[in-house]
Number of protein chains: 2
Amino acid sequence: MLKDDTIAVPQKCDDCPIRHRAVCARCEPEELAQLEQIKYYRKFEAGQTVIWAGDRMDFVGSVVTGIASLTQTMEDGRTQMVGLLLPSDFVGRPGRDGTVYDVVATTDLVMCCFRKKPFENMMEATPHVAHRLLEMTLDELDAAREWMLVLGRKTAREKIASLLSIVARRDATLRKTGMVGRLVFDLPLTREAMADYLGLTLETVSRQISALKRDGVIELEGKRHVTVPDFARLMEEAGDDSDGGMLV
Amino acid sequence: MLKDDTIAVPQKCDDCPIRHRAVCARCEPEELAQLEQIKYYRKFEAGQTVIWAGDRMDFVGSVVTGIASLTQTMEDGRTQMVGLLLPSDFVGRPGRDGTVYDVVATTDLVMCCFRKKPFENMMEATPHVAHRLLEMTLDELDAAREWMLVLGRKTAREKIASLLSIVARRDATLRKTGMVGRLVFDLPLTREAMADYLGLTLETVSRQISALKRDGVIELEGKRHVTVPDFARLMEEAGDDSDGGMLV
DNA sequence: GTTCGCGCTTGACCTAGGTCAAAGATATCC
DNA sequence: GGATATCTTTGACCTAGGTCAAGCGCGAAC
């Protein structure tokens, strides 16, 4: 059951996102205790594949630290990232046997997992967990559809700006300050990963980032540390109508 | 409550997809009776908007006949279809107030609706309905992600072939015969709608359809009646790895 | 320190698909 | 039956982004 990549449960479960966000917002203490019992942690290194498309998946869980991605690949090697899993995002499909896409650790990754069967049993027993899960799935669906607009209709520049604004929005250190004015964050993706997510080549990603820098939309320190002097400007560059993406 | 576009309940509810597919596969008779009471039908003409993005949505339901689409539009008019709703597909988000995209009748459309509040109540009471809904949402999510690969990485020709194979697969008259050899079906979308779904222009759609015809992958009679002499060939043209799209 | 390797940038060039424009097909309405 | 409108096809041309190739940091290994 417990694989060798299983690691000790961290000091206190407060860093377990399941408790805050993903599933348990309204769990009773005894329900939490129950979850506690079927819970374990797994660690992956950047580049490692968590599960291959088509494989049986015997757990569900959520990202604690690092980034995972859902990836689809065609025979000829073209690949498209179809989901970006940031800390607190949920992985797995209760009631389903496997995935249809690869789950890959894009950075070093720690996941909090629950063995699937007991988790499903618990779900049956506690309707609000099932309810929460439906909500989360609807959120993911909204995010996926939002991304379809990005992939289908936005220019390369708009795509980059869209990605930057999503990452900025999700950056834990920023969420409290509100999304206005100057923002600073780390970009946790390689140019290639960005390209795979945006349906571009890495050369185009690089060129567009340079262009955004040249035009003062962003500032770069090294390759990864980003400063956005004016978030509203970035949103404009993303071509974001309405509040698009605020759902994520 | 009942709008003027509400129409009489058809002869027998067997044509109501809710009963067969969407929600009620395992409903008890009294539960069905309950659903029956909160059910009504609505009719829309091609081009009519069912709900605007951001609007309050006071019902859920499913498509009985015709095609609806979920559409996102940017301020400058670029639009991307993010979902194609064929007969028996479910519309609406239990537990949510509205949509973030327009729902548009792409052809003349009949929908079977349930007022949302009573439907949600029923959902609370009958866990297997909630469970079914989660499954459906996961299916939609898979379909959306599948489509992200199409939008992000496929060529125009592959996109067209992908769309054709989805429509063929979903065509009610064909599902029984198995998806091999010669298929004949009607294409219920204008070139423009296809373009919006595929992230192309209508000119490119037209050109690629002509090309597929020229190359013998499809035959056309009029603009809409399609014959696929060899479905496997079409799948190949779609660049479909594995069983991609079989989920839909 | 030097070397290796990987991620990134930049340039030169090319092509798939977009844009603009004209005209053929159907269907609908008097 | 002709007029009008909508949908579609096709052509000529253009450009955003892909492809190929060279080189630049910069950290890790020795």
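Chain naming here is simple, since letters A, B, ... match the order of the sequence lines and numbering starts at 1 in each.
Taking atom CG on A:Leu220 and atom C1' on C:dC8, their separation rounds to 11 Å, with Å as the unit. The CG-P distance, from A:Asp76 to D:dT19, rounds to 11 Å in whole Å. One interatomic measurement links the two molecules: CG of A:Leu212 to P of C:dC8, which rounds to 16 Å at whole-angstrom precision. Counting to the nearest Å, the P atom of C:dT10 and the CD atom of A:Gln208 are 12 Å from each other. Atom P of nucleotide D:dG17 and atom CG of B:Leu151 are separated by 15 Å, given to the nearest angstrom. If you take CZ of A:Arg191 and P of D:dC26, they are 13 Å apart, rounded to a whole angstrom. Atom pair A:Ile209:CD1 and C:dC8:C1' shows a separation of 10 Å (rounding to whole Å applied). Separating the CG atom of B:Asp186 from the P atom of D:dC7 is a distance of 17 Å, rounded to the nearest angstrom.
Taken from CE in B:Met148 to CH2 in A:Trp147, the straight-line distance is 7.5 Å, to the nearest 0.5 Å. Here A:Met81 contributes atom CE and A:Asp102 contributes atom CG; the two are 11.5 Å apart, rounded to the nearest 0.5 Å. Rounding to the nearest 0.5 Å gives a distance of 11.5 Å between CH2 of A:Trp52 and OG1 of A:Thr99. To the nearest 0.5 Å, atoms CD (B:Glu192) and CG (B:Asp196) are separated by 5.5 Å. Annotation: the span from B:Leu212 atom CG to B:Arg157 atom CZ amounts to 5.0 Å, rounded to 0.5 Å.
Residue contacts for B:Gly199: at a heavy-atom cut-off of 4.0 Å it reaches the sugar-phosphate backbone alone, with no base atom in range. Across all strands shown, B:Ser206 has heavy atoms under 4.0 Å from base atoms, whether or not it also approaches the sugar-phosphate. A:Leu202 comes within contact range of no nucleotide atom at all, as no heavy-atom separation falls under 4.0 Å. Backbone-only contact: A:Leu200 has heavy atoms under 4.0 Å from sugar-phosphate atoms and none from a base.
For D:dG18, the OP1/OP2 oxygens have a side-chain nitrogen or oxygen of A:Thr204 closer than 4.0 Å. Residue A:Thr201 places at least one side-chain N or O closer than 4.0 Å to OP1 or OP2 of D:dG18. The side chain of A:Arg224 places an N or O atom within less than 4.0 Å of a non-bridging phosphate oxygen (OP1 or OP2) of C:dC8.
Recorded end-axis angle for the helix from C:dG1-D:dC30 to C:dC30-D:dG1 stands at 40°, based on five pairs per end and rounded to 10 degrees.
Mapping B:Glu203 and A:Val205 onto DNA chain D by nearest heavy atom places B:Glu203 at the nucleotide closer to the 5' end. When each of B:Arg207 and A:Ser210 is assigned the nucleotide of DNA chain C bearing its nearest heavy atom, the one mapping closer to the 5' terminus is A:Ser210. Position along DNA chain C of the nearest nucleotide to A:Glu192 versus A:Arg153 favours A:Glu192 as the more 5'-ward residue.
Residue A:Lys223 has its side chain nearest to C:dC8 when only C:dC8, D:dG17, D:dT8 are considered.
A:Ser69 and A:Thr106 are linked by a side-chain donor-acceptor pair at a separation below 3.5 angstrom, with hydrogens and angles left out of the test.
In this structure, A:Phe59 and A:Tyr40 have perpendicular ring planes: the angle between them is above 60°, well past the 30° mark.
Applying the side chain to side chain contact (heavy atoms under 4.5 Å, CB included) test between A:Met194 and each of A:Val167, A:Leu200, A:Leu189 identifies A:Leu189 as the sole match.
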